[in-house]
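None of the values given here were measured: they were computed from a predicted structure. Every chain is numbered from 1, with letters handed out A, B, ... down the list of sequences.
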Amino acid sequence: MKDTIIKTSMLTKRFGDFVAADSITLEVGKGEIFGFLGANGAGKTTAMRMLCGLSIPTSGEATIAGYDIYTERELIKKKIGYMSQKFSLYEDLTVSENIDFFGGIYGLSRKDLAEKKEALVQNLGLQAHLKKLVGSIPLGWKQKLSFSVAVIHDPRIVFLDEPTGGVDPLTRRQFWDLIYTASSNGITIFVTTHYMDEAEYCNRVSIMVDGKVVALDSPSALKTYFKASSMDDVFYQLARNARRSE
Amino acid sequence: MRTIIILLRKEFRQIFRNKSILAMVIVMPVIQLIVLPLAADYEVKNINLAVVDNDRSAYSERLVNSIVASGYFRMAAYESSYKEAFKSIETDKADLILEIPAHFESNLIREGKQKTGISINAINGVKANLGGAYLSAIIRDFNPSETVIESAVLNRYNPLLNYRVFMVPGILAILVTMIGGFLSALNIVKEKETGTIEQINVSPIKKHHFILGKLIPFWILGNIVFTIGLIVSWAVYGIVPEGSILLLYGFIAIYLLAVLGLGLLVSTFCDTQQQAMFIMFFFMMIFILMGGLFTPVDSMPEWARMVVRFNPVSYLISVMRMVILKGSEAGQLVNHLLATAGFAVVLNALAVVNYKKIS
């Protein structure tokens with residue numbers, strides 16, 4: 001494997017007796033698009049929150065971009081972008097103001113910020129929406145904007161938690177174009193999704209069932225191993241025995 | 001520094017876009033300061049009186065006349081027996097019954113003393129208490145044959161005992177507290193509800209920068225509310241602070257930090273605006289009712305006075321009255337200043353410690 005950027009070993013999170021994420025061990029290489037799959041309630045978001053420094057693990061080890069997730073969380077935060085399941089730009093600020101704000105708190109200089117904003121707007125075709133409140137633009141735009149804001153500071157890794165939930169197939173496709181562009185710029189993508197066609201776009205995927213990672217390989221290798229015609233089928237074989245579901 | 005400017009710019013944009021916050025900051029102090037002092041008046045008037053005159057003499061008539069002439073009472077019923085009069089209490093027509101016994105006049109002339117009976121409907125405690133006291137005072141003064149000892153009372157600092165002059169600074173104190181406390185408490189919780197706080201938490205932003213970014217905008221709003229309040233009290237009630245306005249602003253500056261700190265601390269404990277609202281209400285009710293605005297702190301029991309010492313509002317109400325009515329100087333406010341500064345430091349430190357970027 002190329003340079004490793006995410007490395008976890010036996011990473012576990014318990015809430016009382018409930019083991020939300022159980023002994024997760026995986027490695028993600030630089031520039032890779034890594035699909036983090038699992039049924040609802042399997043523990044994907046919990047695991048991702050630990051990797052982002054939003055939640056402290058109960059046990060296990062992990063390093064993100066070379067920093068330890070127990071002691072160097074604030075350093076990790078400079079190197080990562082995060083897009084949560086819940087849409088989380090400020091709806092009462094305009095598109096432009098959101099870009100200024102999030103770029104600003106990551107310490108981008110005025111000049112860098114102006115360049116980034118210009119490129120972002122060109123890229124997404126947002127010129128007409130720049131002065132509109134984010135709350136008033138369509139969901140598809142919001143998701144694309146959210147992603148662009150999450151990578152505005154050129155992070156090493158971007159974590160995406162179900163970024164394409166509830167958007168139409170065309171927008172999903174455009175969204176994945178953004179992901180590919182970011183990946184080709186060397187940003188590692190760590191993405192959770194429920195859409196198995198999206199899983200096919202990933203370099204490698206892991207599948208979580210009941211808090212544990214039960215499979216980890218490239219989509220084609222997994223299909224061969226499970227003698228399945230599609231990722232849908234692979235997922236079905238693994239997840240149907242799950243005890244936990246929402 | 002740049003981070004704080006970025007945070008402030010964002011907060012102010014959101015505040016100016018939120019019409020209800022602007023209305024709360026500008027309209028609320030104006031309306032409340034105009035309406036509340038008119039209603040929140042300690043004087044009780046229009047007490048309904050039922051009289052049972054068993055004597056029907058010239059003296060008893062004079063007594064009744066002087067009661068009515070006092071202006072506090074309204075004759076609701078004039079009955080021939082206590083039983084009849086009691087009916088008017090039961091039907092809520094009367095608040096008090098004055099029973100003048102038979103031979104009232106002759107006893108008074110012969111022995112120089114006579115007892116009368118007063119029955120009070122004590123459901124409305126304030127009205128009953130004051131009504132009974134007024135009535136007793138009138139009856140005591142009535143006795144013409146005794147030498148009456150008159151004492152000359154001089155009301156310093158508020159010579160006409162104008163309740164508005166007394167109430168307005170107190171109500172302004174509560175307004176500043178309410179607006180500052182609620183706005184700051186609800187603000188962080190709103191970010192939790194909409195999920196935007198996740199985006200902040202995953203960024204390298206420092207905790208104390210974030211808290212300062214929340215504190216400063218509401219501190220400025222609090223000062224605006226206070227200024228509007230001072231203007232209204234001058235324009236409507238002609239109240240001009242006897243003491244230094246700078247001293248007032250100096251105290252408010254520290255006081256707002258304390259109240260905002262409480263709001264921020266509450267918001268770090270709560271996940272929804274509803275929870276934050278109820279917790280703030282809990283504190284506000286205690287702060288207001290035990291702040292010395294309605295009930296003098298000195299007449300509270302010992303344990304309650306201990307509680308009042310931890311009530312920032314009581315310090316502000318007291319300082320407002322001291323500076324505005326009495327013209328007190330900084331030297332006389334040292335204890336108030338120290339206590340309030342203490343609250344500010346402790347509450348904000350707790351808010352920073354308890355605001356966690358992780359869960």
Side-chain angles (χ1 to χ4, degrees), chain A residues 13 15 45-46 48-57 64 67 69-70 72-94 96-110 113 133-135 146 149-150 152-153 155 157-159 161, chain B residues 1-24 183 186-214 216-218 221 268 271-273 352-359:
Chain A
K13 179 79 181 186
F15 297 104
T45 299
T46 306
M48 188 178 260
R49 288 173 58 86
M50 285 193 283
L51 299 180
C52 294
L54 286 173
S55 170
I56 301 178
I64 308 292
Y67 297 118
I69 61 166
Y70 291 98
E72 296 172 312
R73 274 198 305 277
E74 296 303 307
L75 289 169
I76 290 176
K77 285 174 183 175
K78 287 185 182 160
K79 301 289 179 198
I80 62 167
Y82 172 67
M83 180 179 163
S84 75
Q85 214 166 9
K86 218 165 151 186
F87 175 76
S88 49
L89 296 179
Y90 290 94
E91 304 229 333
D92 50 355
L93 294 181
T94 66
S96 166
E97 288 163 353
N98 265 294
I99 298 171
D100 287 345
F101 176 70
F102 284 107
I105 61 172
Y106 279 99
L108 261 60
S109 71
R110 255 174 259 277
L113 190 59
L133 293 186
V134 163
S146 251
V149 168
I152 197 159
H153 56 293
I157 311 160
V158 61
F159 291 90
D161 196 0
Chain B
M1 195 57 209
R2 178 145 178 263
T3 312
I4 291 189
I5 291 171
I6 288 166
L7 284 166
L8 291 182
R9 201 168 55 192
K10 168 211 152 227
E11 282 315 318
F12 276 113
R13 277 178 174 149
Q14 289 181 304
I15 289 168
F16 284 116
R17 232 160 250 167
N18 190 335
K19 298 281 175 294
S20 60
I21 289 190
L22 286 182
M24 201 162 142
L183 285 184
L186 294 182
N187 189 279
I188 291 189
V189 182
K190 191 185 159 214
E191 294 225 17
K192 285 188 188 175
E193 279 185 353
T194 56
T196 46
I197 200 146
E198 287 277 85
Q199 218 61 48
I200 298 281
N201 288 346
V202 82
S203 79
I205 209 161
K206 300 238 175 1
K207 285 206 290 186
H208 64 273
H209 283 162
F210 181 72
I211 295 280
L212 271 178
K214 292 289 179 194
I216 296 171
F218 295 116
L221 283 188
T268 60
D271 293 319
T272 66
Q273 296 193 55
V352 172
V353 170
N354 201 52
Y355 164 53
K356 293 200 173 64
K357 289 179 77 178
I358 45 158
S359 51

Worksheet item: Any side-chain heavy atom of B:Gln199 sitting closer than 4.5 Å to one from A:Val149?
Response: no
Practice prompt. Mind checking the CD1-NZ spacing from B:Ile205 to A:Lys78? Nearest 0.5 Å is all I need.
Written response: 12.0 Å
Worksheet item: How long is the span from the CZ atom in B:Arg2 to the OG atom in A:Ser109, to the nearest 0.5 Å?
Response: 7.0 Å
Item to complete: Calculate, to the nearest 0.5 Å, the distance between atoms CZ and CZ belonging to A:Phe101 and B:Arg13 respectively.
Response: 10.5 Å
Worksheet item: Relative to chain A, which segment of B:Lys207 carries a heavy atom at a distance below 4.5 Å: side chain, backbone, both, or neither?
Response: neither
Discussion item. Can you tell me which of B:Ile5, B:Thr196, B:Ile6, B:Thr194 forms the most heavy-atom pairs within a distance under 4.5 Å of chain A?
Written reply: B:Thr196
Discussion item. Between B:Lys10 and A:Asp100 (side chain of the first, backbone of the second, donor and acceptor by atom type, cut-off under 3.5 Å), is there such a pair?
Written reply: no
Worksheet item: With chain B, which of A:Lys79, A:Lys86, A:His153 has the greatest number of heavy-atom pairs at distances under 4.5 Å?
Response: A:Lys86
Worksheet item: Which bit of A:Ser146 comes within less than 4.5 Å of chain B, counting heavy atoms only: side chain, backbone, both or neither?
Response: neither
Worksheet item: Are side-chain heavy atoms of B:Arg17 and A:Leu133 found at a separation under 4.5 Å?
Response: yes
Item to complete: Under 4.5 Å heavy-atom distance to chain B, tell me which part of A:Phe102 shows up: side chain, backbone, both or neither.
Response: side chain
Fill in: Engaged part of A:Leu75 at the chain B interface, taking heavy atoms whose separation is under 4.5 Å
neither
Worksheet item: Among B:Asn201, B:Ile200, B:Leu7, which residue forms the greatest number of heavy-atom pairs with chain A at distances under 4.5 Å?
Response: B:Asn201
Item to complete: Among the options A:Gln85, A:Glu91, A:Arg110, A:Met83, pick out the one with the most heavy-atom pairs lying under 4.5 Å from chain B.
Response: A:Arg110
Item to complete: Provide the closest heavy-atom pair for A:Tyr106 versus B:Pro204 in the form atom of the first, atom of the second, distance.
Response: CE2-CD, 3.2 Å
Discussion item. Looking at B:Glu198 and A:Arg49, is any side-chain nitrogen of the basic one under 4.0 Å from a carboxylate oxygen of the acidic one?
Written reply: yes
Item to complete: Can you see which heavy atom on A:Ser88 is nearest to which on B:Gly195, and at what distance?
Response: CB-O, 3.3 Å
Discussion item. Measuring only between side-chain heavy atoms, which start at C-beta, is A:Glu97 closer than 4.5 Å to B:Gln14?
Written reply: no
